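The structure appears right after this line, and notes come after that.
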Amino acid sequence: NNGNGTATISGTPPAGSAGVYTISIDAFNGTNPDAPQTFTLTVSTIGSTTAVTPALTNVVTGQNDLVTATVTPTGQNNGTPTGSVTFSDGTKSYTVVLDGTGTAQATFVEGAVGTYTITATYSGDANYTGSSSTTTFTVAQASTTTGAFPTNGTVVTGQSDTITASPFTKAPGTGVPTGTITFSDGTTTQTVALVNGSAQAAFTELVGGPHTVTVTYSGDANYTGSSTTTSFIVDQAPAITSVGSAPANVGAPFSFTVTTTGYPAASLIATGLPAWLTFTNNGNGTASISATPPEGSAGVYTISIDAFNGTN
């Protein structure tokens, strides 16, 4: 009451005071009647602004992306909004309580390539109105690496060996790739669909030696392709491939090479050799028979040769 026929209503509405207030005012000066009035005071909440940003604007399939929302008062108003923020990518949503700085965070992990829009919606509280904002980030294919191994490191000719292969997602990506694996030994090619992240193919080799299988993952919409190689050994029983007889002349140098197939390379031994005849195992799957037949040695000689490499 200012004492001059006026009165001043003033104050700073405290937190939590938003609402409608009805005030009864009466003016009097000793002369009837008095002058009553009903005065309505409306205290409004403060506007808010929500800002939202992802930690990364570009990620790969299965990679975490931390999205941060910060709520501030509008204009020149002070204070820190309370309440919660709901983050949504249109499929999944997370409601997170604001911390003491008006900030909330949520982690999104997307399993498919594309651009994702995240909406952050502030709920409002007794003093601040709600608000919302959006941001986006892009998900690209995650890289892979392919691993492969044979069931048996060593087999024999005609025995199958199964190759198992799996593509693995490279960090920071996660998830299980789909698609197909192509296996090739250079002669035979097999394409097999992945089941629970792996595929298998059997190879039966008829030639001894090391065999390399190239394994190629096709990739899919969310994961890049990759390839690797693996190998296994095929042991092959030896066989003598050189002819079983040779002529020689008394007094003339004689030499003959015994040859074999098989893996590993066969060793050779001989029995029934005349004293003047030399048999040498060369250590590479061959042997040499050599000599100069002396006088009196004319005739037919039967020599037993055996090739062996540990495979029957």
Side-chain angles (χ1 to χ4, degrees), residues 1-59 61-139 172 174:
N1 178 24
N2 298 322
N4 60 357
T6 66
T8 302
I9 303 173
S10 63
T12 300
S17 63
V20 177
Y21 297 84
T22 300
I23 303 169
S24 296
I25 301 174
D26 188 38
F28 58 96
N29 63 1
T31 301
N32 293 322
D34 292 350
Q37 182 188 53
T38 299
F39 180 85
T40 302
L41 174 65
T42 302
V43 178
S44 300
T45 54
I46 300 169
S48 71
T49 299
T50 298
V52 57
T53 56
L56 300 168
T57 56
N58 293 282
V59 295
T61 305
Q63 180 180 359
N64 291 351
D65 203 358
L66 183 65
V67 179
T68 301
T70 302
V71 182
T72 56
T74 58
Q76 300 299 314
N77 295 296
N78 296 318
T80 302
T82 62
S84 62
V85 170
T86 299
F87 300 84
S88 176
D89 65 358
T91 301
K92 50 187 174 290
S93 62
Y94 309 98
T95 298
V96 183
V97 175
L98 289 167
D99 65 14
T101 66
T103 299
Q105 294 180 314
T107 298
F108 285 83
V109 182
E110 305 297 351
V113 167
T115 298
Y116 291 82
T117 298
I118 307 298
T119 301
T121 303
Y122 168 53
S123 62
D125 63 11
N127 303 304
Y128 299 92
T129 60
S131 57
S132 66
S133 182
T134 61
T135 190
T136 61
F137 63 89
T138 300
V139 179
T174 60

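This is a predicted model, so every value here is computed, not measured.
Interatomic distance, OG1 of Thr38 versus CG of Asp26, reported as 10.5 Å (0.5 Å rounding). Here the straight-line distance linking atom CD1 of Ile23 with atom CD1 of Ile9 works out to 5.0 Å at 0.5 Å rounding. One distance of note links CG of Asn1 with OG1 of Thr8; it measures 9.0 Å at 0.5 Å rounding. Note that the OG1 atom of Thr138 and the CG atom of Asp65 stand 10.0 Å from one another [nearest 0.5 Å]. With rounding to the nearest 0.5 Å, the separation of CD1 in Ile46 from OG1 in Thr72 is 11.5 Å. Atom CD1 of residue Ile118 and atom OG1 of residue Thr68 lie 12.0 Å apart, to the nearest 0.5 angstrom.
Classification of the Phe108-Tyr94 ring pair by plane angle, with boundaries at 30° and 60°, yields perpendicular.
Side-chain atoms of Thr45 and Asn127, non-hydrogen and from C-beta on, never get closer than 4.5 Å to each other. Counting heavy atoms from C-beta outward, Val20 and Thr42 have side chains that approach closer than 4.5 Å.
Annotation: side chain to side chain contact (heavy atoms under 4.5 Å, CB included) contacts of Thr31 (sequence neighbours excluded): Asn29. Applying the ring pair (Phe, Tyr, Trp, His ring centres under 6.0 Å) test to Tyr21 and every residue at least two apart in sequence or in another chain returns nothing.
Closest non-hydrogen pair, Pro81 versus Leu98, comes out as O-CD1, 3.8 Å. For the residue pair Gly79 and Pro73, the shortest heavy atom distance occurs at O-CG, 3.2 Å. The two residues Ser88 and Ser93 have their closest heavy-atom pair at CB-CB, 3.9 Å. Pairing each heavy atom of Phe87 with each of Ala106, the nearest pair is CD1-CB, 3.6 Å.
For the 3.5 Å distance criterion, the side chains of Thr95 and Ser84 fail to qualify, holding no donor opposite an acceptor. Side chain to side chain, Thr103 and Thr101 meet the donor-acceptor criterion of an N or O pair below 3.5 Å. Defined by atom type and a distance below 3.5 Å, a donor-acceptor pair is present between the side-chain atoms of Thr50 and Ser131.
In this structure, the side chain of Asn2 does not engage the main chain of Asn4 through any donor-acceptor pair within 3.5 Å. The closest donor-acceptor contact from the side chain of Tyr122 to the backbone of Thr82 lies under 3.5 Å.
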List, one per line, each side-chain donor-acceptor pair under 3.5 Å for residues 51-58, sequence neighbours excluded.
none

- Message: For Val96 and Val85: C-alpha separation, side-chain torsions, deciding distance, then whether side-chain contact (heavy atoms from CB on, under 4.5 Å) applies.
- Response: CA-CA 5 Å; Val96 183; Val85 170; 5.6 Å; no

